[in-house]
Amino acid sequence: MSDYEEIRGNLIGMLEELNDRLSKITDDVKHTAEPPEKDFAEQAVQAENDEVLDFLGNRARTEIAQIKDAIARIDSGHYGICQSCGEPIAAARLKALPYSDLCIKCASQQGC
Ligand SMILES: [Zn+2]
């Protein structure tokens with residue numbers, strides 16, 4: 001259990017950072033959602049920004065979900081096991097990608 005104490009701490013740190021980033025992104029989106037009183041060119045730029053922010057927001061949310069999953073797996077004792085083949089995930093991979101739930105073999109088969 002305590003084997004993953006350090007990783008758990010790292011994951012929580014990542015989670016806090018992502019939540020922070022996400023709330024900044026959300027603030028930006030809110031800011032650009034003000035009543036339009038700008039010219040068309042500016043609105044076009046804003047629409048583009050919104051798309052980028054949407055993308056970043058979605059990515060952050062996906063990562064947050066993966067990190068929360070990983071923490072839950074640590075707590076339930078299922079961490080470090082490939083969700084696809086059930087083999088242990090290499091420690092080096094867990095270090096590089098602490099919220100990974102697939103071993104290298106399965107991840108490369110799935111193309112990610
Ligand atoms: Zn696997």
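Atoms within a ligand are numbered from 1 in the order they appear, just like the ligands themselves.
For the pair H78 and Q83, the tightest heavy-atom approach, listed with the atom from each and the gap, is O-NE2, 4.4 Å.
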Give the table of side-chain donor-acceptor pairs shorter than 3.5 Å for residues 96-107, with sequence neighbours excluded, one pair per line with atom names and distance.
{"from": "S100", "atom 1": "OG", "to": "R93", "atom 2": "NE", "distance (Å)": "3.2"}
{"from": "S100", "atom 1": "OG", "to": "R93", "atom 2": "NH2", "distance (Å)": "3.0"}
{"from": "S100", "atom 1": "OG", "to": "L102", "atom 2": "N", "distance (Å)": "3.4"}
{"from": "S100", "atom 1": "OG", "to": "L102", "atom 2": "O", "distance (Å)": "3.0"}

Please output the side-chain donor-acceptor pairs of residues 61-71 that fall under 3.5 Å, not counting sequence neighbours, one pair per line with the distance.
{"from": "R61", "atom 1": "NH2", "to": "N58", "atom 2": "OD1", "distance (Å)": "3.3"}
{"from": "T62", "atom 1": "OG1", "to": "N58", "atom 2": "O", "distance (Å)": "2.8"}

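Protein N/O/S atoms nearer than 2.8 Å to the Zn ion (ligand 1) total 4.
For L56, the side chain to side chain contact (heavy atoms under 4.5 Å, CB included) partners are I25, V52, R59, not counting sequence neighbours.
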> Can I81 and R73 be said to form a side-chain contact (heavy atoms from CB on, under 4.5 Å), step by step?
Replying inline: CA-CA 9 Å; I81 304 294; R73 286 198 301 275; over 6 Å; no
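Going from atom CG of L53 over to atom CG of L22 covers 10.5 Å, rounded to the nearest 0.5 Å.
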